[in-house]
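These notes concern the structure reproduced below.
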Amino acid sequence: MAGSDLIRPYGDKQAVFDKRYLEMALIWAQNSYCKRRQVGALIVKDKMIISDGYNGTPSGFENVCEDENNVTKPYVLHAEANAVTKVAKSNNSSDNATLYVTTSPCMECAKLIIQSGIKRVVFCNRYYKTDGLDLLQRAGIELVYIDPENNTYEIQ
């Protein structure tokens with residue numbers, strides 16, 4: 001993601017909202033039972049939270065994300081997947097919504113995001129693989145990276 005289109009402090013109204021919703025996603029991540037990484041996600045449309053999610057096991061499974069070797073179990077759902085599937089079960093539409101997620105999406109979640117009609121993704125931690133971000137960018141989804149420690153806002 002070399003070369004941002006824009007780097008600015010939190011000044012305009014959208015940047016302020018983005019920072020606040022991302023802070024809420026960071027708090028929501030604390031609901032996760034996962035030990036290796038806790039991730040939170042919110043889907044926002046027209047300034048309303050229409051869905052939320054955090055990484056964890058499917059409904060009805062034990063709330064243990066890692067095996068005895070501290071490896072994440074293969075059936076653990078990512079926060080984005082939980083938020084997208086939750087909105088799919090509701091009467092809401094994620095068309096033209098914004099996803100706030102604490103870690104940048106992986107490839108599998110990027111596909112769900114594209115198919116769900118989400119048009120913006122705002123995140124604060126970069127996942128070590130960039131293929132998910134690359135796919136979202138290819139699909140024309142606006143990507144916003146916020147670094148709260150350095151007070152930067154980058155549209156990528």
With N55 via side chain to side chain donor-acceptor pair (under 3.5 Å) - residues at least two apart:
S32

Applying side chain to side chain donor-acceptor pair (under 3.5 Å), can you list everything that pairs with T98, at least two apart in sequence or on another chain?
R120

With sequence neighbours excluded, residues passing disulfide bond (SG atoms under 2.5 Å apart) with C109
none

Do any N or O atoms from the side chain of [X] and from the backbone of [Y] form a donor-acceptor pair under 3.5 angstrom?
X: D46; Y: M48; answer: no
X: K45; Y: S93; answer: yes
X: K119; Y: D95; answer: no
X: N150; Y: D147; answer: no
X: N63; Y: Y33; answer: no

Keeping to residues at least two apart or across chains, list the ring pair (Phe, Tyr, Trp, His ring centres under 6.0 Å) pairs with something in residues 119-142.
F123-Y145

Just checking, is any N or O donor in the side chain of N82 or Y54 under 3.5 Å from an acceptor N or O on the other one?
no

Sequence-distant partners of E108, side chain to side chain contact (heavy atoms under 4.5 Å, CB included), two or more places apart
C106, K111

Between E68 and K73, is the closest basic N to carboxylate O distance under 4.0 Å?
no

Who pairs with F61 by ring-ring contact (aromatic ring centres under 6.0 Å, His included), at least two apart in sequence or on another chain?
Y75

